[in-house]
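Working notes for the structure below.
A, B, ... follow the sequence lines: proteins, then strands. Residue 1 opens every chain.
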Number of protein chains: 2
Amino acid sequence: MRPNKRDELVSKALDVFYRSGFHATGMDTLVKETGVSKTSMYKHFRTKDDLIIAVLQLRDENFRNWLFGRMEDLSNTPAGQLIGVFTALGEWFAKPEFAGCMFVKASSEFQNHAHPVYRQSSAHKQMLLDHFTALAQSAGVPDPAALARQLLMLKEGAIVLAAMSVTPDPAGDALQTAQMLLQPYLKDS
Amino acid sequence: MRPNKRDELVSKALDVFYRSGFHATGMDTLVKETGVSKTSMYKHFRTKDDLIIAVLQLRDENFRNWLFGRMEDLSNTPAGQLIGVFTALGEWFAKPEFAGCMFVKASSEFQNHAHPVYRQSSAHKQMLLDHFTALAQSAGVPDPAALARQLLMLKEGAIVLAAMSVTPDPAGDALQTAQMLLQPYLKDS
DNA sequence: GCCAATATGAACAGACCGGTACACACAGAG
DNA sequence: CTCTGTGTGTACCGGTCTGTTCATATTGGC
């Protein structure tokens, strides 16, 4: 029961769940895809729900590291980093494996608000909101919380429209709107 | 095989799917909930997918009638109607049965872009976009298509945040943003 | 009333669901 | 070598999935 074996299972399960959905993916499929035996799988994860929760934890970590890292790469100023969200989104949407937000999908399939999967999905969005709020505050915005809510809303809307193939460049559209909201606080540094 | 019986089945199935998800809801559950026999159910709908497609058609009709009707009630001007979207959203979010957008959830569970459920979900959003674009054009906006995309994105973002209980008043936040976008075209009539 | 056509319901079919029992391979200790 | 502990794979469990079969009510025409 090496610990990195567990991580490997979670990582592979993430891919399959992301591609095919949670309820639609059976444990037999995951066992086959990972090459491990069912017994081993259930040694690492007591139930399917436990596995899903581990998957969402990994996703939260990966997504946060990727997005926040990308934002920092793109700008040194808080306002510039907030704008960077939408540049980063555009890069994500262009990837062939893009298939929407995993947490939105998770909360869609586990709608009971008391369910750990729903709570975890909600917490992920809350975490993003907190980060945006902190940046907005650093940027000197009068109402940082309100701006953060607006930017998060743009981000979620863009992801939905991208996942549903409604408009060709939702990241670009969101970027334009965000620039309007942030214009007073963007120094051209 | 009275036609209104079929409508009744679709309507009831809509409620159950909306509450519990598509894959998570079995035909046995639907049969039990509707009181009809399984044979009758499969007389009306050849497969579960056929039923889901009928459900989404009804949802599309209901949602369109409700939203567009509410928009017209709220204002006589095109720009005012576009603002009305977000007032209407606020009313929707306050309803106890609110559980996010059914089409976003459907496309989450049926991600294959060639699947009729995905295509239908995408088409629903396209329909909304077209309506918004026409209104924006009537309002005399220079780039009606761009504004419509922005407003649709705000709507989708607000629904996601409402469904995931991230912020207390996403409709209000979206309304504020929309007012910024539409300010030049809103006459206080 | 009588017969044919149709709608219905319960039981079932075969596959798959999440989860478990258990026999076994293989390591290290003596 | 033997004994023992641990990780693994297979076969299986009861239940549920979508979809079907077939015998039985129910209806309409004459």
Under-3.5 Å N/O pairs linking protein and nucleotides 9-16 of chain D:
from   : atom 1 : to    : atom 2 : distance (Å)
D:dG9  : OP2    : A:S37 : N      : 3.2
D:dG9  : OP2    : A:S37 : OG     : 3.3
D:dG9  : N7     : A:T39 : OG1    : 2.8
D:dG9  : O6     : A:T39 : OG1    : 2.8
D:dT10 : O4     : A:T39 : OG1    : 2.9

Extract all donor-acceptor atom pairs below 3.5 Å that involve side chains of residues 140-151 of chain B and protein atoms in other chains or at least two apart in sequence.
from   : atom 1 : to     : atom 2 : distance (Å)
B:D143 : OD1    : B:A146 : N      : 3.2
B:R149 : NE     : A:D173 : OD1    : 3.2
B:R149 : NE     : A:D173 : OD2    : 2.8
B:R149 : NH2    : A:D173 : OD1    : 3.3
B:Q150 : NE2    : A:T177 : OG1    : 2.7

**Study point:** Stacked cation flag B:K105 on B:Y18, 6.0 angstrom / 45 deg
**Key:** yes
Does A:F17 have A:K12 sitting over its ring (NZ/CZ under 6.0 Å from centre, angle to axis within 45°)? no
Kindly write out the residues that satisfy side-chain hydrogen bond (donor to acceptor under 3.5 Å, both in side chains) with [X], not counting sequence neighbours, or none if the list is empty.
X	answer
B:S37	B:S40
A:R119	none
B:D15	none
B:S138	none

Overall bend of the helix from C:dG1-D:dC30 to C:dG30-D:dC1 (five pairs an end, 10° steps) is 10°
Can you check the [X] [atom1] to [N] [atom2] distance for me, whole Å?
X	N	atom1	atom2	result
B:Y42	C:dG9	OH	C1'	15 Å
A:L30	C:dG19	CG	C1'	14 Å
A:M41	C:dG19	CE	C1'	13 Å
B:R6	C:dA7	CZ	P	15 Å

Hits for salt bridge (charged side-chain N to carboxylate O under 4.0 Å, His left out) against B:E109, two or more places apart or cross-chain, chain-then-number order -> none
Taken in chain and number order and not counting sequence neighbours, the residues that satisfy salt bridge (charged side-chain N to carboxylate O under 4.0 Å, His left out) with A:R19 are none
Residues of residues 12-27 of chain A with a heavy atom under 4.0 Å from any atom of DNA chain C, listed by number, are A:T25, A:G26, A:M27
Check the pair A:K32 / A:D28 against salt bridge (Lys or Arg N to Asp or Glu O under 4.0 Å), numbers first and verdict last. CA-CA 6 Å; A:K32 194 174 294 179; A:D28 289 342; over 6 Å; no
Here the ring-ring contact (aromatic ring centres under 6.0 Å, His included) pairs for residues 45-64 of chain A, sequence neighbours left out, are A:F63-A:W66, A:F63-A:W92, A:F63-A:H124
Determine whether B:T77 and B:Y185 make a side-chain contact, defined as any pair of heavy atoms from C-beta on separated by less than 4.5 Å. no
Margin query: Do B:V104 and B:S121 have side chains that approach each other closer than 4.5 Å (heavy atoms only, starting at C-beta)?
Written below: no
Within residues 45-56 of chain B, the residues having a heavy atom closer than 4.0 Å to DNA chain D are B:T47, B:K48
